[in-house]
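Here is the structure we will look at.
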Amino acid sequence: MNRVGIGYDLHRLVENRPLMLGGVEIMHHLGLEGHSDADVLLHALCDALLGAAGLGDIGYHFPSGDEGYRNISSLVLLKEVKNKLDREGWKPGNVDAVIIAQAPSMAPHIEAMREKIASVLNLSRCQVSVKATTTERLGVCGREEGIAAEAVVLLEKLEPPGPAGHEAV
């Protein structure tokens, strides 16, 4: 059995915060505002994974009112989502994501983002696609007020093991 999930996130750009995207710190004069590190790419990915498995969303599992998640790395959240999927018998098949930002340029950081995501999800790099686009200076992202991300994932249900010493048929 396969399932598809979609996730979306948007955070405001502010001063005096690091810019984290895909688990990579990007040098920029603005960062994303949020309770955690506000990594919109990983938040969208977490939502896509949780949604495909029918497990709710990132806000349910990691509420912004919980001080335990203040400034936490979203790579930690992604790892916990992966653990939840493992317990439910789901394995990611592939990830396709897009970052929506006017600036800074994402191109120099895409491969590092793919590597980080692939490592946490135990996927090969070819199973993880990260792209970036601008909005031609239109809207919140185009005016450089925020950065958004969307992610789509395919989950595959793992077959339960058969009786001891036998393979499932």
Side-chain angles (χ1 to χ4, degrees), residues 5-52 55-85 92 94-153:
I6 185 169
Y8 173 84
D9 199 22
L10 167 70
H11 283 264
R12 177 185 317 273
L13 282 162
V14 296
E15 295 181 351
N16 301 316
R17 287 276 295 192
L19 178 57
M20 299 298 298
L21 290 168
V24 175
E25 186 169 357
I26 297 172
M27 301 314 316
H28 191 56
H29 67 283
L30 299 172
L32 293 169
E33 181 178 54
H35 185 71
S36 67
D37 65 3
D39 186 327
V40 294
L41 176 57
L42 295 185
H43 292 186
L45 179 53
C46 286
D47 267 350
L49 291 164
L50 290 166
L55 297 176
D57 64 22
I58 192 171
Y60 174 79
H61 292 278
F62 313 107
S64 60
D66 186 332
E67 286 301 308
Y69 299 118
R70 179 161 303 281
N71 296 321
I72 195 168
S73 167
S74 293
L75 287 169
V76 173
L77 303 181
L78 182 61
K79 180 63 176 170
E80 182 53 35
V81 167
K82 171 70 165 73
N83 291 340
K84 290 176 188 301
L85 294 177
N94 75 299
V95 170
D96 188 18
V98 60
I99 301 165
I100 304 138
Q102 196 65 41
S105 173
M106 298 296 150
H109 310 287
I110 295 289
E111 289 308 311
M113 292 177 197
R114 290 178 67 204
E115 288 287 338
K116 295 242 183 198
I117 292 167
S119 175
V120 171
L121 295 180
N122 197 27
L123 298 173
S124 67
R125 207 176 84 239
C126 69
Q127 291 172 283
V128 177
S129 172
V130 176
K131 305 171 297 292
T133 190
T134 69
T135 60
E136 302 297 328
R137 302 212 174 273
L138 298 172
V140 171
C141 295
R143 291 188 302 271
E144 299 181 44
E145 296 171 10
I147 293 178
E150 295 181 3
V152 177
V153 301

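Residue numbers start at 1 and run along the sequence shown.
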Hey, are the side chains of [X] and [Y] touching, using non-hydrogen atoms and a 4.5 Å cut-off?
{"X": "Leu123", "Y": "Asn94", "value": "no"}
{"X": "Asp9", "Y": "Cys46", "value": "no"}
{"X": "Pro92", "Y": "Val153", "value": "no"}

If you look at every heavy atom in [X] and [Y], which pair is closest and at what distance?
{"X": "Asp57", "Y": "Leu50", "answer": "C-CD1, 3.6 Å"}
{"X": "Ala149", "Y": "Val40", "answer": "CB-O, 3.6 Å"}
{"X": "Ala101", "Y": "Ile147", "answer": "CB-CG1, 3.8 Å"}
{"X": "Ala48", "Y": "Ala151", "answer": "CB-O, 3.6 Å"}
{"X": "Ile72", "Y": "Val76", "answer": "CD1-CG1, 3.7 Å"}
{"X": "Glu25", "Y": "Pro18", "answer": "OE2-CB, 3.6 Å"}

Could you tell me the separation between the [atom1] atom of [X] and the [atom2] atom of [Y], rounded to the nearest 0.5 Å?
{"X": "Lys131", "Y": "Ile100", "atom1": "NZ", "atom2": "CD1", "result": "10.0 Å"}
{"X": "Glu150", "Y": "Asp96", "atom1": "CD", "atom2": "CG", "result": "10.5 Å"}
{"X": "Ser36", "Y": "His11", "atom1": "OG", "atom2": "NE2", "result": "6.0 Å"}
{"X": "Cys126", "Y": "Arg114", "atom1": "SG", "atom2": "CZ", "result": "8.0 Å"}
{"X": "Leu78", "Y": "Leu49", "atom1": "CG", "atom2": "CG", "result": "6.5 Å"}
{"X": "Met20", "Y": "Leu32", "atom1": "CE", "atom2": "CG", "result": "10.5 Å"}

**Asked** What residue among Leu45, Leu85, Val128 forms side chain to side chain contact (heavy atoms under 4.5 Å, CB included) with Leu121?
**Response** Leu45
**Request:** Kindly determine whether Lys116 and Leu42 satisfy side chain to side chain contact (heavy atoms under 4.5 Å, CB included), including the steps that lead there.
**Result:** CA-CA 10 Å; Lys116 295 242 183 198; Leu42 295 185; over 6 Å; no
So, does [X] use its side chain to make a donor-acceptor pair with the main chain of [Y] at under 3.5 Å?
{"X": "Arg12", "Y": "Glu33", "answer": "no"}
{"X": "His61", "Y": "Leu77", "answer": "no"}
{"X": "His35", "Y": "Asp66", "answer": "yes"}
{"X": "Asp37", "Y": "Ser74", "answer": "yes"}
{"X": "Asp47", "Y": "Ile58", "answer": "yes"}
{"X": "Gln102", "Y": "Arg143", "answer": "no"}
{"X": "Asp39", "Y": "Gly22", "answer": "yes"}

**Request:** Report the C-alpha separation of Met106 and Ile26 in whole Å, then their side-chain angles, then the decisive distance to 0.1 Å, and conclude whether the side chain to side chain contact (heavy atoms under 4.5 Å, CB included) test is met.
**Result:** CA-CA 9 Å; Met106 298 296 150; Ile26 297 172; 3.9 Å; yes
**Other residues, nucleotides, ligands: >12 heavy atoms within 6.0 Å of Glu15 CD** = no
